[in-house]
Structures are given as C-alpha cells and as structure tokens.
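Both backbone and side-chain heavy atoms feed into the values below; hydrogens, waters and symmetry mates do not.
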Amino acid sequence: MAFSADELRVLRRALAHALQTTPHPAPLGAPGPERSQDIQEYLRLAEAVDEAVREGGRLRAFLLADLARYRDALPGSAPGYLAQLAEALSAGHVPGPDDLAALRSLTARPAGPAERERRGALLRHCEHLAEQSVRTRLRALPGGLSAARDGREPEPERKPEPERKPRPAPSPSKAPRRDRPIPTPGEVFPPRRRPAPPPESRTA
C-alpha cells in the first residue's frame with residue numbers, strides 16, 4: 001500500500017493524537033498491559049512512517065536528478081524524459097518552468113498522431129498542476145484568497161499616504177489690502193506717445 005507525502009503527514013498526526021487520547025484502563029492512571037501494548041504498536045507504526053517519509057524523500061531526490069539529466073539531453077532523450085517525468089509526477093513532483101518549456105518544445109516537434117496526443121495530454125496535465133501550485137501559494141499570501149479565486153495576482157499592500165499639513169494663514173502684514181482700488185488697464189499700461197517729427201531743415 002502506497003501513501004503520498006500528504007497522506008503520510010496526516011497519518012503521523014493521527015498517530016500522535018492517538019497516543020495522547022488513548023484511555024487509561026487502570027483506575028490510578030498507571031499504564032496497564034493493554035495500554036502498553038497499544039503504545040508500543042503506535043510507536044512502531046510511527047517509526048515505520050518516519051522511515052517511509054525518509055525513503056520517499058530519497059526516492060524523490062533521485063527521480064528529480066534523473067529527470068534533469070534526461071531534460072538536458074533533449075530532444076534525443078524524449079522517450080526517456082517523458083517516462084521519467086510521468087514517474088516523478090506520480091511521486092508528487094510539481095512541474096516547474098523547465099519542465100513546461102521542455103514539454104512545449106517537444107509538443108511543437110513533428111511526431112506521430114498518437115505520440116503528439118500523448119505529449120499534449122502530458123503538457124496540459126503539467127500546466128494544470130503548476131497552476132494549482134501557484135494558486136495554493138497565492139492563498140497563503142495576505143489578501144491572496146480573493147485574488148486566487150478570480151485568477152488574478154494579489155494586489156500589493158498599499159502604504160498609507162502621508163498626512164498633508166494645512167498651509168499656514170498669511171500674516172496680516174502680508175495680507176493684500178482691500179481698501180486700495182484696483183488699477184485700470186490704462187494706469188497699468190499707459191498709452192505710448194508718438195515721437196515728434198524732426199524739424200525741417202531751412203534752405204538758404
């Protein structure tokens with residue numbers, strides 16, 4: 001029986017909860033034979049789960065390293081890369097930009113109808129997994145839940161604008177005087193006087 005990484009974490013929490021909530025059959029709270037046997041079984045199962053988690057981590061690291069080697073050898077290693085990618089996905093691998101770019105490149109290359117359909121289906125599956133991973137990370141951000149539902153990135157947190165201080169009122173000495181009449185345009189711009197003609201020269 002195989003468990004995913006999430007299922008193993010749930011199982012570990014269930015075991016820890018069972019160890020804390022197992023009833024005490026003895027009246028004074030001393031562990032009886034049945035409780036001691038249950039505790040030993042829980043501990044052995046917890047150790048097996050921990051070992052499975054460690055083994056899963058080692059297997060996943062090996063698969064990712066092997067997947068990177070196949071990806072670097074594309075397009076000649078296309079059959080092996082696709083098989084390795086499918087195995088890594090079944091082990092919980094979330095495809096990254098390198099995998100998506102490699103799949104798009106392989107999908108664009110000439111191939112038979114069956115192989116083209118296989119590559120396209122794998123590409124759509126990887127795009128779906130990558131989108132789900134992005135949405136999960138967005139929901140963990142402040143204000144990211146509503147944005148993730150709409151398919152948008154969360155808006156950046158806006159900083160409060162600095163409070164504007166009111167301008168000081170002008171002092172009485174600088175205030176404009178209201179008792180002085182407003183000058184007319186003729187006073188501001190007086191008419192220019194025409195220059196007098198030069199005196200005529202007298203002939204002898």
Side-chain angles (χ1 to χ4, degrees), residues 1-20 38-157:
M1 183 179 296
F3 292 95
S4 65
D6 293 335
E7 290 172 339
L8 287 175
R9 283 193 291 268
V10 172
L11 182 56
R12 292 178 66 181
R13 289 197 299 267
L15 288 173
H17 180 71
L19 285 172
Q20 296 177 358
D38 291 342
I39 291 176
Q40 293 299 323
E41 292 178 355
Y42 289 154
L43 291 176
R44 282 193 297 268
L45 184 55
E47 292 176 358
V49 170
D50 292 339
E51 179 60 28
V53 170
R54 290 190 293 267
E55 183 64 24
R58 289 191 293 267
L59 177 61
R60 186 172 180 272
F62 174 78
L63 288 176
L64 293 183
D66 210 12
L67 179 64
R69 286 193 292 269
Y70 276 98
R71 186 173 57 238
D72 294 338
L74 289 174
S77 60
Y81 170 73
L82 295 175
Q84 197 71 20
L85 178 60
E87 186 177 357
L89 293 177
S90 62
H93 170 60
V94 177
D98 294 339
D99 292 321
L100 295 178
L103 283 174
R104 293 189 181 104
S105 177
L106 289 177
T107 305
R109 297 182 67 85
E115 181 65 18
R116 190 182 303 111
E117 178 61 26
R118 175 196 174 197
R119 296 178 181 181
L122 188 58
L123 174 60
R124 290 189 296 270
H125 179 58
C126 288
E127 288 176 341
H128 177 67
L129 292 178
E131 182 181 357
Q132 282 186 334
S133 177
V134 171
R135 288 177 179 273
T136 301
R137 291 196 298 268
L138 288 179
R139 291 189 184 97
L141 296 176
L145 181 59
S146 58
R149 289 175 179 172
D150 300 335
R152 299 178 288 103
E153 294 185 357
E155 297 181 358
E157 184 178 358

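The pair Arg69-Asp66 meets the salt-bridge criterion, with a side-chain N (NZ, NE, NH1 or NH2) lying under 4.0 Å from an Asp/Glu carboxylate O.
Residues meeting the salt bridge (Lys or Arg N to Asp or Glu O under 4.0 Å) test with Glu47, sequence neighbours left out: none. In this structure, the salt bridge (Lys or Arg N to Asp or Glu O under 4.0 Å) partners of Glu127, at least two apart in sequence or on a different chain, are Arg104. Evaluation of the salt bridge (Lys or Arg N to Asp or Glu O under 4.0 Å) rule for Arg116 yields no partner, not counting sequence neighbours. Here Arg58 pairs with Glu51, Glu55 under the side chain to side chain donor-acceptor pair (under 3.5 Å) rule; sequence neighbours left out. Annotation: side chain to side chain donor-acceptor pair (under 3.5 Å) contacts of Arg137 (sequence neighbours excluded): Ser133.
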Intermediate values then yes/no, side chain to side chain contact (heavy atoms under 4.5 Å, CB included), Leu67 and His93: CA-CA 11 Å; Leu67 179 64; His93 170 60; 4.0 Å; yes
Stepwise side chain to side chain contact (heavy atoms under 4.5 Å, CB included) test for Leu122 and Leu89: CA-CA 10 Å; Leu122 188 58; Leu89 293 177; 3.9 Å; yes
CA sep, side-chain torsions, deciding dist, call: Leu103, Leu82, side chain to side chain contact (heavy atoms under 4.5 Å, CB included): CA-CA 9 Å; Leu103 283 174; Leu82 295 175; 3.7 Å; yes
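Nearest approach of Leu85 to Cys126, heavy atoms of both residues: CD2-SG, 4.1 Å.
Here the CG-CD distance, from Leu138 to Glu131, works out to 10.5 Å after rounding to the nearest 0.5 Å.
Without hydrogens or angle criteria, Ser105 side chain to Ala102 main chain gives no donor-acceptor distance under 3.5 Å. A distance-only check finds no donor-acceptor pair linking the side chain of Arg119 to the backbone of Thr107 [under 3.5 Å].
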Expected list for residues 74-81: side-chain donor-acceptor pairs under 3.5 angstrom, two or more places apart:
unit_1, atom_1, unit_2, atom_2, d
Ser77, OG, Tyr70, O, 2.6
Ser77, OG, Ala73, O, 3.3
Ser77, OG, Leu74, N, 3.4
Tyr81, OH, Asp99, OD1, 3.0

